[in-house]
Amino acid sequence: MNMPVRRQQRGQGTVERPRGWARNPLLEFDDLINQMGGLLESTVGSAAPAIAAWTPSGDVTEADDAYHLELELPGVDRKDVDIEINGQELAVTGEIKERERKGIMRHSSRRTGRFEYRLLLPSEVNTEDVTASMSGGVLTITVPKAATAKPRHIEITESSERQGG
């Protein structure tokens with residue numbers, strides 16, 4: 001069925017939209033994605049969490065002596081997070097468990113399930129001195145650079161002999 005087109009005439013104010021456009025059309029996509037996720041989980045079963053791993057938001061900064069990684073993990077307990085470093089690859093994995101709630105869930109936009117954050121660092125690192133701490137829902141990991149990868153300032157000295165020609 002074709003909808004009649006309303007054209008704005010000169011001198012008139014706003015153009016009326018059809019009634020169906022009054023709500024946010026993106027909410028329908030959210031509902032569709034939630035329904036598809038439920039269908040996938042009911043079909044695949046226990047393999048679904050491995051498929052549905054998500055990546056938390058994070059920042060990586062580089063200083064002269066180390067790399068600093070900050071990951072946003074609100075509501076995650078530190079015992080539910082695993083950090084591994086193998087050569088130059090850093091992997092942070094874990095799971096946010098769904099909380100048991102009373103009543104009917106009307107809307108949910110919080111991420112739950114398995115998460116994974118992988119990072120390949122650009123230079124050699126000192127894997128023995130990596131530190132990690134969690135505060136206020138932010139996981140902070142410091143990965144020191146190896147001595148060979150740290151920048152070194154070379155002082156230029158004045159020579160007493162002049163090279164001539």
Side-chain angles (χ1 to χ4, degrees), residues 21 23-41 43-101 105-165:
W21 292 3
R23 63 177 188 242
N24 183 355
L26 297 178
L27 289 177
E28 292 180 23
F29 284 113
D30 285 342
D31 291 340
L32 181 63
I33 288 170
N34 288 337
Q35 290 174 6
M36 289 173 60
L39 179 63
L40 178 66
E41 191 172 312
T43 304
V44 179
S46 63
I51 295 171
W54 56 276
T55 303
S57 298
D59 293 327
V60 180
T61 56
E62 179 180 2
D64 287 342
D65 60 342
Y67 296 98
H68 303 280
L69 171 66
E70 291 182 341
L71 291 179
E72 293 181 2
L73 296 171
V76 178
D77 195 348
R78 64 187 177 103
K79 69 178 182 341
D80 295 331
V81 179
D82 184 44
I83 303 169
E84 290 183 11
I85 189 159
N86 184 6
Q88 291 174 245
E89 184 180 17
L90 177 70
V92 180
T93 56
E95 183 173 6
I96 298 177
K97 294 181 173 56
E98 182 89 28
R99 290 191 296 164
E100 191 173 319
R101 301 179 190 277
M105 176 65 77
R106 296 292 182 185
H107 177 77
S108 177
S109 60
R110 299 173 106 185
R111 290 195 177 253
T112 56
R114 298 223 22 96
F115 63 85
E116 178 178 51
Y117 188 95
R118 292 194 174 273
L119 176 66
L120 187 60
L121 298 164
S123 65
E124 293 296 319
V125 293
N126 180 353
T127 58
E128 298 300 317
D129 294 328
V130 175
T131 60
S133 64
M134 186 174 264
S135 176
V138 177
L139 174 65
T140 303
I141 303 170
T142 301
V143 183
K145 292 181 179 179
T148 58
K150 291 181 187 176
R152 199 176 104 212
H153 180 73
I154 314 281
E155 186 71 33
I156 301 172
T157 59
E158 195 166 318
S159 174
S160 58
E161 288 184 21
R162 289 208 159 214
Q163 306 259 340

- line: In short, Val125 meets Gly87 closest at the heavy-atom pair CG2-O, 3.4 Å
query: ring-ring contact (aromatic ring centres under 6.0 Å, His included): which pairs involve residues 123-146, sequence neighbours left out?
result: none
For Ala66 against Pro144, the heavy-atom pair lying closest together: CB-CA, 3.7 Å
message: Listing request: all side-chain hydrogen bond (donor to acceptor under 3.5 Å, both in side chains) pairs with a residue in residues 130-140, at least two apart in sequence or in separate chains.
response: none
field: Distance (rounded to the nearest 0.5 Å) between His68 NE2 and Thr142 OG1
entry: 5.0 Å
message: Checking Leu120 now: which residues fulfil side chain to side chain contact (heavy atoms under 4.5 Å, CB included) with it, not counting sequence neighbours?
response: Gln88, Glu89
field: Value rounded to 0.5 Å, distance of CD1 in Ile141 from CG in Leu90
entry: 5.0 Å
message: Holding to side-chain hydrogen bond (donor to acceptor under 3.5 Å, both in side chains), I want the full list of residues that pass it with Glu116, two or more places apart in sequence or in another chain.
response: Arg118
message: Can you list everything that forms a side chain to side chain contact (heavy atoms under 4.5 Å, CB included) with Asp59? Sequence neighbours excluded, please.
response: none
- request: Inspect the surroundings of CG in Asp129 and state if more than 12 heavy atoms from other residues, nucleotides or ligands are less than 6.0 Å away.
  value: yes
field: For Asp82, side-chain hydrogen bond (donor to acceptor under 3.5 Å, both in side chains) partners two or more places apart
entry: none
Which side-chain N or O atoms in residues 71-81 pair as donor and acceptor under 3.5 Å with protein atoms at least two apart or in another chain?
from	atom 1	to	atom 2	distance (Å)
Asp77	OD2	Lys79	NZ	3.1

For Glu70, side-chain hydrogen bond (donor to acceptor under 3.5 Å, both in side chains) partners two or more places apart: none
query: Is the number of heavy atoms from other residues, nucleotides or ligands under 6.0 Å of Glu84 CD greater than 12?
result: no
side-chain hydrogen bond (donor to acceptor under 3.5 Å, both in side chains) against Tyr67, all qualifying residues, sequence neighbours excluded: Ser123
- prompt: Which pairs pass ring-ring contact (aromatic ring centres under 6.0 Å, His included) with one or both residues in residues 109-128, sequence neighbours excluded?
  reply: Trp54-Phe115
